[in-house]
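My structure is below; once you've seen it, I'll send some questions.
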Amino acid sequence: MASSSSRIAELATAVATHTQLINIYLAEKGLPQPSFDGNGTVDFNLPPELEQSRLAAIEATQELNDLLQGPRDLIFNHDQNQILYLKFISHFNIAKEVPLDGEISFRDLASKVGVDSSALTRILRLGMTRRIFNELRPGVISHSAASKLIAADSRVADWVTCSANEMWPAAQHTTDALVKWPSASEPNQTGFSLANNTSDSFYVELEKEPERARRFGGAMSFFTTGPGYSLQHLSKGYPWSSLGAATVVDIGGSHGDVAFELARSFPDLRLIVQDLPKVIAGANQQSGLNVEFMEHDFFSEQPAKGADVYIFRWILHNWPDSYCMRILKALVGALKAGSKVIVMDLVLPPAGSLPNYLDRKLRTLDVTMLAIANSHERDLDEWKDLFTQADQRFGFKSFTHPPGSNLSILEFAWDA
């Protein structure tokens with residue numbers, strides 16, 4: 001194994017090599033350089049090979065940073081206040097109160113939002129160390145690229161608020177929940193449950209307050225925006241055309257985005273979208289597409305009998321194993337010989353097989369599901385075991401990870 005001294009040299013070379021490639025491309029194309037300035041670019045839109053260089057530079061930079069900190073600072077630099085300033089910015093709508101292309105003094109900003117000037121200044125200056133807002137002149141605040149994004153994009157603002165108001169309190173109480181309910185098996189016995197003093201599950205609790213539910217929807221819209229969650233990964237990542245005039249049921253399909261994508265690409269398919277009555281009531285049919293909507297609770301017996309394909313796209317990761325098995329068992333009575341069940345969801349790679357910065361993101365998602373629902377992200381073997389435990393007649397057929405997708409496609413077939 002290489003020594004730390006040789007490793008830091010390797011990492012420094014990697015950072016220099018990959019950033020130089022990006023720098024040359026941006027210069028040749030006359031594109032703006034990365035900047036923390038309020039008018040800094042939001043998306044680089046690099047070609048695929050340079051996107052790989054960007055990710056490689058991030059990976060090398062993070063490892064180099066961690067190595068040079070040493071073990072003491074790796075521990076000490078865990079910042080318990082990182083969410084504090086985000087919650088403050090969200091609660092007092094600070095991003096909107098700072099002029100989009102102007103500036104305001106800390107004192108005047110504090111007066112506008114009705115909070116102590118010293119406290120506001122100290123909290124926002126902490127945020128500035130994370131590149132949120134700028135203080136280009138003493139005592140005066142203006143937008144950085146990040147804070148401007150919060151002000152300009154309501155979905156980003158929803159993400160910040162949801163992180164601060166929902167996920168942070170849930171995370172704080174997760175250890176307490178595991179002390180109280182060590183089996184971690186029920187969706188209403190979580191850190192979120194304790195934080196909200198509720199016996200209802202995450203989604204039921206949010207639905208009690210329409211604005212809270214809307215905000216979570218906006219946060220998820222921001223989270224899933226981008227090429228990694230494109231519906232084309234499903235439409236192009238599975239051989240739908242080979243099915244011919246098949247019936248496909250999208251279980252928990254919300255307002256039908258998946259079905260509409262498939263119907264546009266494969267007009268011979270008959271698509272059925274299932275969800276709870278309130279969700280279906282808010283759906284809008286698109287003319288000319290072979291898509292229909294059906295009210296259905298996936299814990300109840302499946303009413304669409306004998307379909308060729310049943311889809312669960314990003315549904316099962318929301319539920320503990322025992323609940324997923326209930327969902328799958330409720331489907332069994334509708335299956336015919338050869339019926340396929342397509343799962344599009346996150347498939348965790350083996351621990352340590354990914355670059356650390358990617359592994360951190362995946363493990364964060366996994367623990368978030370624990371904190372809010374006692375559910376979890378699953379690796380391939382766990383997905384296979386889940387279906388086998390639900391019913392041994394589910395046969396695993398294939399696993400595909402479409403290039404550029406954050407989600408994978410698993411295919412199971414029913415052996416009657």
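What you are looking at is a predicted structure, and each value in this text was computed from that prediction instead of being measured.
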Treating Asp379 as the side-chain partner and Asp381 as the backbone partner, does any N or O pair qualify as donor plus acceptor under 3.5 Å? yes

Looking only at side chains, do His143 and Asp37 share a donor and an acceptor under 3.5 Å apart? no

Say you draw a straight line from CZ of Phe298 to CD1 of Ile327; how long is it, rounded to the nearest 0.5 Å?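 Reported to 0.5 Å precision, the distance equals 4.0 Å.
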
Quick one: are Val204 and Phe202 in side-chain contact, heavy atoms under 4.5 Å?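 When only atoms from C-beta onward are counted, Phe202 and Val204 do not touch, as no gap falls below 4.5 Å.
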
Ala213 versus Glu207, closest heavy-atom pair with distance: CB-OE2, 3.9 Å

Enter the distance from Lys96:NZ to Ser154:OG here, rounded to the nearest 0.5 Å.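 The distance works out to 8.0 Å.
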
Between His78 (side chain) and Ile75 (backbone), is there a donor-acceptor pair under 3.5 Å? yes

Determine whether the side chains of Asn318 and Tyr323 contain a donor N or O and an acceptor N or O closer than 3.5 Å. no

Just so I know, are the side chains of Phe396 and Thr388 near enough to count as touching, which here means a heavy-atom distance under 4.5 Å?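 No, every pair of side-chain atoms sits at 4.5 Å or beyond.
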
Does a donor on one side chain sit under 3.5 Å from an acceptor on the other, for Asn77 and Gln69?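 On atom types as modelled, these side chains qualify, holding a pair under 3.5 Å.
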
Check the pair Tyr229 / Phe223 against ring-ring contact (aromatic ring centres under 6.0 Å, His included), numbers first and verdict last. CA-CA 9 Å; Tyr229 291 95; Phe223 180 71; 5.5 Å; yes

Salt bridge or not for Asp275 and Arg313, using N-O below 4.0 Å? no

With the threshold set at 4.0 Å, does a side-chain nitrogen-carboxylate oxygen contact exist between Arg7 and Glu63? yes

Note, Phe412 side chain near Ile342 side chain (heavy atom, < 4.5 Å):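 Counting from C-beta outward, Phe412 and Ile342 never come under 4.5 Å.
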
At what distance, to the nearest 0.5 angstrom, does OG1 of Thr129 lie from CZ of Arg125?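 Taking OG1 in Thr129 and CZ in Arg125, the distance rounds to 12.0 Å.
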
Is there a donor-acceptor pair under 3.5 Å between the side chain of Gln302 and the backbone N or O of Ala304?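 Between the backbone of Ala304 and the side chain of Gln302 there is a qualifying donor-acceptor contact (under 3.5 Å).
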
Do Arg54 and Ile22 come close enough that some side-chain heavy atom pair is under 4.5 Å?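 With C-beta onward as the side chain, the pair touches.
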
Heavy-atom count around Lys208 NZ within 6.0 Å, excluding the residue itself: above 12?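 Yes, NZ of Lys208 has more than 12 neighbouring heavy atoms, counting only those of other groups under 6.0 Å.
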
Quick one: does His296's side chain have a donor or acceptor within less than 3.5 Å of a partner on Gly252's backbone?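 Checking the backbone N and O of Gly252 against the side chain of His296, no donor-acceptor pair under 3.5 Å is found.
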
Should Trp319 and Asn374 count as side-chain neighbours, where that means a heavy-atom distance under 4.5 Å?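 When only atoms from C-beta onward are counted, Asn374 and Trp319 do not touch, as no gap falls below 4.5 Å.
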
Closest heavy-atom pair and its distance - Trp414, Lys336: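 Shortest heavy-atom contact: CD1-O, 3.4 Å.
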
Provide the closest heavy-atom pair for Trp240 versus Leu234 in the form atom of the first, atom of the second, distance. NE1-O, 2.9 Å

Quick check: closest heavy atoms across Glu51 and Leu46, and the distance to 0.1 Å?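 Closest heavy-atom pair between Glu51 and Leu46: N-CB, 4.0 Å.
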
Indicate yes or no: at least one non-hydrogen side-chain atom of Ile89 is less than 4.5 angstrom from one of Ile132. yes

Give me the one residue out of Thr190, Asn196, Asn197 that meets side chain to side chain donor-acceptor pair (under 3.5 Å) with Ser193.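 It is Thr190, the one option of Thr190, Asn196, Asn197 that forms the side chain to side chain donor-acceptor pair (under 3.5 Å) with Ser193.
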
Does the ring centre of Trp159 sit less than 6.0 Å away from the ring centre of Phe216?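 Between Trp159 and Phe216, which both carry aromatic rings, the centre distance is not below 6.0 Å.
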
Could you walk me through whether Arg326 and Asp297 satisfy the salt bridge (charged side-chain N to carboxylate O under 4.0 Å, His left out) test, starting with their C-alpha distance in whole Å, then the side-chain angles of each, then the deciding distance to 0.1 Å, before giving a yes or no? CA-CA 12 Å; Arg326 283 177 53 193; Asp297 180 341; over 6 Å; no

Assess the side chains of Asn356 and Gln62: does a donor N or O sit below 3.5 Å from an acceptor N or O?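 A donor-acceptor contact under 3.5 Å links the two side chains.
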
Is a side-chain donor or acceptor of Ser353 paired with a backbone partner of Pro349 at a separation under 3.5 angstrom? no

Less than 3.5 Å apart, any donor N or O on the side chain of Gln33 or Asn23 sitting next to an acceptor on the other? yes

Counting distance only, does the side-chain N/O of Ser144 pair as donor-acceptor with the main-chain N or O of Arg131 below 3.5 Å? yes

Short side-chain to backbone donor-acceptor contact, Ser265 and Glu261, under 3.5 Å: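 Between the backbone of Glu261 and the side chain of Ser265 there is a qualifying donor-acceptor contact (under 3.5 Å).
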
Between Ser90 and Leu86 (side chain of the first, backbone of the second, donor and acceptor by atom type, cut-off under 3.5 Å), is there such a pair?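 Not a single qualifying donor-acceptor pair exists.
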
Using a 3.5 Å distance criterion without hydrogens, assess whether the side chain of Thr364 forms a donor-acceptor pair with backbone atoms of Arg360.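 Looks like yes, one N/O pair under 3.5 Å.
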
Ser142 and Phe133, any side-chain heavy atoms less than 4.5 Å apart: no

Residues Glu411 and Ser398: side-chain donor-acceptor under 3.5 angstrom: yes

Nearest heavy-atom pair of Val341 and Leu331: which atoms, and what distance?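 That closest heavy-atom pairing would be CG2-CD2, 3.9 Å.
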
Considering all heavy atoms, the nearest Ser408-Val347 contact: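 Answer, listing the atom of Ser408 first, then Val347: CB-CG2, 3.7 Å.
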
With a 3.5 Å cut-off and no angle check, do the side chains of Glu292 and Gln285 form a donor-acceptor pair?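 Not at all, the side chains of Glu292 and Gln285 share no donor-acceptor pair under 3.5 Å.
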
Name the orientation class of the two ring planes belonging to Trp314 and His317 (parallel below 30°, tilted from 30 to 60°, perpendicular beyond 60°).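 It falls in the parallel class, under 30°.
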
Could Arg363 and Glu377 be called an ion pair, given the rule that one side-chain N must be under 4.0 Å from one carboxylate O? no

Spell out, as yes or no, whether a donor-acceptor pair under 3.5 Å connects the side chain of Thr161 to the backbone of Asp158.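 Such a contact is absent between Thr161 side chain and Asp158 backbone.
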
Report yes if some heavy atom in the side chain of Pro320 is under 4.5 Å from a heavy atom in the side chain of Glu186; otherwise report no.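 Side-chain contact under 4.5 Å: no.
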
Regarding Asp385 and Arg378, does a basic nitrogen lie under 4.0 Å from an acidic carboxylate oxygen? no

